[in-house]
Amino acid sequence: MTLRLAGSTSGYTEIDAPAVAGSNTLVLPTGNGSSGQVLTTNGSGVLSFAQGGRILQVVQTDYQSETSLTSTTYTEITGLATSISLASSSNKVLFCGNLQVGHHASTGAVFRIKRDSTVLSRDPFKWFYVANNDGGGTVSWMFLDTPAVSSPTYKVEWKSDVASYTVYLNRTHVNTTNEKGASQIILMEVAA
């Protein structure tokens with residue numbers, strides 16, 4: 001059966017059920033919703049308006065300081081921590097990290113993400129050494145988080161993979177003028 005809604009002067013809009021359909025009832029929302037919202041269902045036929053998975057805000061921290069670490073214990077990269085105030089604690093956060101890393105020979109840098117005091121990355125991210133004294137490169141990754149808090153702070157911790165060998169951030173081991181970089185954290189609030 002087709003439901004036809006006629007225009008006030010001409011034309012029409014039809015709503016048609018599938019040729020073979022079960023018995024379904026859809027309950028329409030009571031209001032009109034807001035601009036940009038989409039119609040969603042609770043899985044039981046009750047429809048409502050909601051924001052449709054869009055990016056609500058972007059927060060970025062740039063970190064240009066050159067630093068080094070020899071420890072094999074995780075240490076926070078101070079100055080790179082980034083906070084975001086969410087419009088709703090049910091929204092998600094897309095974490096994007098981009099780190100410029102250097103090393104001394106025969107070692108690598110190991111990284112992990114934390115939200116406040118909670119470690120998020122199930123496995124650490126590793127940047128491995130290459131066979132010379134002046135290795136350098138970029139570590140980049142993304143992580144979609146459901147923080148369930150209104151103002152989370154995201155941090156990156158790092159350590160050397162091998163005791164007594166040095167890893168570097170925003171520079172290479174030799175550290176000449178042309179071998180310097182910058183690291184970033186970008187947080188995007190994603191509507192639930």
**Q.** Note, T67 side chain near W158 side chain (heavy atom, < 4.5 Å)
**A.** yes

Q | CD on Q184 to OG1 on T82, rounded to 0.5 Å | A | 10.5 Å

Q) Rounded to the nearest 0.5 Å, what separation is found between the CD1 atom of I15 and the CZ atom of R4? A) 12.5 Å

Q: With sequence neighbours left out, write down each residue that passes side chain to side chain contact (heavy atoms under 4.5 Å, CB included) with T153, or none if nothing qualifies.
A: A81, S83, D116, K155

Q) Any sub-3.5 Å donor-acceptor pair from S160's side-chain atoms to Y165's backbone N or O? A) yes

(Q) Rounded at 0.5 Å granularity, tell me how far CG in L169 sits from CZ in F111. (A) 6.5 Å

Q.
Let me confirm one number: the CD1-CZ distance from I113 to F95, rounded to the nearest 0.5 Å.
A. 4.5 Å

Q. With a 4.5 Å heavy-atom cut-off, do F49 and L39 have their side chains touching?
A. yes

Q. If we only count heavy atoms from C-beta on, is the L99 to L80 side-chain gap below 4.5 Å?
A. yes

Q) After noting the C-alpha distance and the side-chain angles of V38 and T40, does the key distance pass the side chain to side chain contact (heavy atoms under 4.5 Å, CB included) rule? A) CA-CA 6 Å; V38 296; T40 63; 4.0 Å; yes

**Q.** For Y168, all residues meeting ring-ring contact (aromatic ring centres under 6.0 Å, His included), sequence neighbours excluded
**A.** H173

Q | Non-neighbouring partners of Q57 that pass side chain to side chain contact (heavy atoms under 4.5 Å, CB included), sequence neighbours left out | A | V59, I84, E189

**Q.** Counterpart residues, salt bridge (charged side-chain N to carboxylate O under 4.0 Å, His left out), relative to K92 (two or more places apart)
**A.** none

Q) Which residues pass the salt bridge (charged side-chain N to carboxylate O under 4.0 Å, His left out) test with E157, sequence neighbours left out? A) R112, K114

Q: Find out whether I55 and V190 are in side-chain contact, i.e. whether some heavy atom of one side chain is under 4.5 Å from a heavy atom of the other.
A: yes

**Q.** Side chain to side chain, Y74 and L69, heavy atoms closer than 4.5 Å
**A.** no

Q. Does one side chain, of S90 or S88, offer a donor that lies under 3.5 Å from an acceptor on the other?
A. yes

Q. Does L5 reach the side chain of Y12, with side-chain heavy atoms less than 4.5 Å apart?
A. no

Q) Should we say atom CD of Q64 is surrounded by more than 12 heavy atoms from elsewhere, each under 6.0 Å from it? A) no

Q: Decide side chain to side chain contact (heavy atoms under 4.5 Å, CB included) for L26 and N24; before the verdict, give the C-alpha distance in whole Å, the side-chain angles of both, and the deciding distance to 0.1 Å.
A: CA-CA 7 Å; L26 297 177; N24 300 300; 5.5 Å; no

Q. If every non-hydrogen atom of L86 is compared with every non-hydrogen atom of V149, which pair is closest and at what distance?
A. CD1-O, 3.4 Å

Q: Nearest 0.5 Å please: distance from the CD1 atom of I186 over to the CG atom of L94.
A: 9.5 Å

Q.
Holding to side chain to side chain contact (heavy atoms under 4.5 Å, CB included), I want the full list of residues that pass it with T118, two or more places apart in sequence or in another chain.
A. R115, L120

Q.
For the OG1 atom of T73 and the NZ atom of K159, what is their distance to the nearest 0.5 Å?
A. 7.5 Å

Q | Neighbour count >12 (heavy atoms, 6.0 Å) for atom CG, N42 | A | yes

Q: Answer whether the closest heavy-atom distance between the side chains of W141 and V156 falls below 4.5 Å.
A: yes

Q) Is L144 close to M142 at the side-chain level, that is, under 4.5 Å between some pair of heavy atoms? A) no

Q) So, for N170 and S65, which heavy atoms are closest and what is the spacing to 0.1 Å? A) ND2-O, 2.8 Å

Q: Would you kindly say whether Q100 and T138 are connected by a side-chain donor-acceptor distance under 3.5 Å?
A: yes

